[in-house]
Amino acid sequence: MVQPERTAETPTTRAVGVSLRSVSKSYGATAVVRDLDLEVAPGEFVSMLGPSGSGKTTTLKMIAGFEQPGAGSVHFDGRDVTDLPPERRDVGVVFQNYSLFPHLDVGANVAFPLRMRRVPGQERAERVQRALEMVDLGGYERRRVAQLSGGQQQRVAIARAIVFEPRLLLMDEPLGALDRRLREAMQLEIKSLHERLGVTVVYVTHDQEEALTMSDRVVLFRDGAIEQHGSPREVYERPSTAFAADFLGDSLSISARLLPGGLLEVPGLPAQRFPLGTGMPVGPVRLMWRPHAVEVTAPSGLPAEFSADRLRIPVEVLAGGYAGDVTRLRVRFAWGDEGVVATPSRGIDHRRGSSVDLHLSLASAVLLPVQS
Amino acid sequence: MAGVLTTLDPTVPGAAVRRPGHRRGLGGALPAVPLLVVLGLLFVVPVAVVVGRSFTYPDGATLANYRTALTDPVARQFAWNTVRTALVVSVASCLLGYTYAYAMYRAGRTVRVLLLFCALLPFWTSLLVRSYAWTVLLRDRGVLNELLLQLGVIDAPLPLLRTSLAVTLGMTQILLPFVILPVYAAMTRFPPDLALAARSLGASRRRVFWEVFLPATMPGLVAGAVLAFILAVGYYITPVLLGGPGDQPIAVLIENAVQQRGDWGTAGALSTLVVVLVLALLALGWRFLAKGLLGARR
């Protein structure tokens, strides 16, 4: 949670720290958020990631003040804002569908929050101009909203959400309606905007790549609770559960068993001493590797081998997908486990039914508990 | 009004949005052709005859009928009655209709369906019956006056019938659905996120209503106002039954010209002027009418 570096460009913004304490929310009998605790440091860029229905958007709405928690409290810089209406929270919100006011032109949309705050006309015009320039839409004041492309509309929405220098910026899948290329360009723009403004950002997405690219910290939601949180590298490379491993990207995992005496058994092979302390009880576990940690070679024709801390296992290719620099392979082990690996696109037969050897290092493996 | 009703199913969010796969362009309008033919025969032809007579009656090409229609002080008085009544009724319908539609919008499902039913009730009763019903309520020994007398609020019956008030009441009740329906349709198309966005930007609930909700639903209100005004300009039975001498509309004068004097020329000129006024209003309000009734094309 390191404060991002701030430039002298915009010295006035005060970032706020957010904390959710034991927050719950139900709609009827359905619990959407369960006893959630979350701390966001001032200036931090936090992504709330998760499948739809996992409670991330509801959590965002409670931070914005659009929804009241059923239990628990929301704090900004330690101050309880649970009962504060949204218009008094000083929070900028960007929605997926832009939510620009159709009856106002671009300038009037961006000026709206300043007008609500009774900022005088001259200053208002200047700030609107600055905000539009910041999102590369200088001179668009008089345009009608309907004349703009989706990407431009979203920039207007961002300008409108930052023009009043909010203490906190909430974004609810802001790039979800844009095509891939535009989305990637906007990701970098939002990131750089965050660095220039130094504002705290809470960003909701169901796109793991987006969350990993943009965030200081990723908070992974599942069924209304936090499954895991940490830096993008932490959550990607050291997921704590099979769900986290699956949701954050492609992976390859095999079933294994921890035996007494620090031994690890992989199906069909003699048990070996496991080099890492596990902190896990004896019994079934899963060993997980990210695609970049797996080496793929042409089939050697030899049987599987488990020596020292390396595994070599022949697998069957179920499907191969050429993706430019790499080819992604879906593979199956003799005992049934399946997974995805990536390999440089040269020299591998990736047709269905062909065979390759996988080289797996225990040092780069992640040990996951087996899910009940 | 069938087109309006299909956009108004309160159970289907965004019912006004076109279904995908619909044929576009002229080909898609084919099913409307029989109705257009009937409309052409029953509306355009008679109107053409009336307009034609206004320029030819009683003997050959003439503008005399228009000179009479435009200069005659009696015609001017009746025209003013018509426009004044239509304005008052439109404003009253807009105020009540918007409020009613907003209540429907905010209500739960059951109440909303009930309110919609009540709003549509006037459609299912004959115009004549409804207008007579008002006379029963408003006349000197009518329901309202009897009640007030009984309660001791008044000593003598209030002159309610044959007043502008009675005309306004009667016509507003009848025209209200024409405002409620397009306004409600516009409200159902209002994206709730817009209100949330405005709240987060610093607007209180009240300001969200005045600065975002009302402007965003304005096309529906303008559509309703144009409809109500146009319909009010052509009203006949209700002002005749409920109004005083100062409330008699142009339609009475036209009827009188034809029935009493057989003066098709003046009647035709007056009718043509009314049609022109209505068409001019439609031209002015068309953008809003189309948007209000069909929804913005995205």
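All chains are named by letter (A, B, ...) in the order of the sequence lines, taking the proteins before the strands, and each is independently numbered beginning at 1.
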Taking the side chain as everything from C-beta on, heavy atoms only, tell me whether [X] gets closer than 4.5 Å to [Y].
X	Y	answer
L221(B)	M187(B)	no
R205(B)	F213(B)	no
Y236(B)	I250(B)	no
F229(B)	F178(B)	no

Contact summary for G170(B) and W134(B), nearest pair of heavy atoms: CA-NE1, 3.6 Å

Non-hydrogen atoms of T125(B) and R130(B) that approach each other most closely: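 Here T125(B) and R130(B) meet closest at O-NH2, 2.9 Å.
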
Flag for S99(A)-N97(A): side-chain donor and acceptor within less than 3.5 Å: yes

Distance-only polar pair, side chains of Y203(A) and E210(A), donor-acceptor under 3.5 Å: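 On atom types as modelled, these side chains qualify, holding a pair under 3.5 Å.
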
Between [X] and chain B, with a heavy-atom cut-off of 4.5 Å, which part of the residue counts as in contact: side chain, backbone, both or neither?
X	answer
R88(A)	neither
V91(A)	backbone
L104(A)	neither

Any side-chain to backbone donor/acceptor pair from [X] onto [Y]? Under 3.5 Å, distance only.
X	Y	value
R117(A)	L201(B)	yes
H194(A)	G43(A)	yes
T205(A)	D207(A)	yes
R199(B)	V208(B)	no
R127(A)	V163(A)	yes

Spatial distance of atom CD1 (I190(A)) from atom CZ (R183(A)) [nearest 0.5 Å]: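 Here the rounded value is 11.5 Å.
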
CG on L30(B) to CG on L36(B), rounded to 0.5 Å: 10.5 Å

Residue A198(B) versus chain A: region with a heavy atom under 4.5 Å: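 Contact with chain A: backbone and side chain both.
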
Portion of R207(B) that has a non-hydrogen atom of chain A nearer than 4.5 angstrom: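 Interface part for R207(B): side chain.
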
Would you please go through [range] and name the residues with a non-hydrogen atom below 4.5 Å from one of chain B, in numerical order?
range	result
residues 46-59 of chain A	none
residues 71-82 of chain A	none
residues 136-151 of chain A	none

Test log, rule ring pair (Phe, Tyr, Trp, His ring centres under 6.0 Å), inputs F112(A) and F101(A): CA-CA 9 Å; F112(A) 187 88; F101(A) 304 128; 4.6 Å; yes

Whether over 12 other heavy atoms sit under 6.0 Å from F43(B) CZ: no

Residue-level contacts of residues 90-102 of chain B with chain A, using a heavy-atom cutoff under 4.5 Å: none

Full working for salt bridge (Lys or Arg N to Asp or Glu O under 4.0 Å) between E211(B) and R115(A): CA-CA 11 Å; E211(B) 308 224 10; R115(A) 212 153 49 78; 2.8 Å; yes

Check against salt bridge (Lys or Arg N to Asp or Glu O under 4.0 Å), R130(A) and E126(A): CA-CA 6 Å; R130(A) 270 210 307 277; E126(A) 286 166 14; 5.1 Å; no

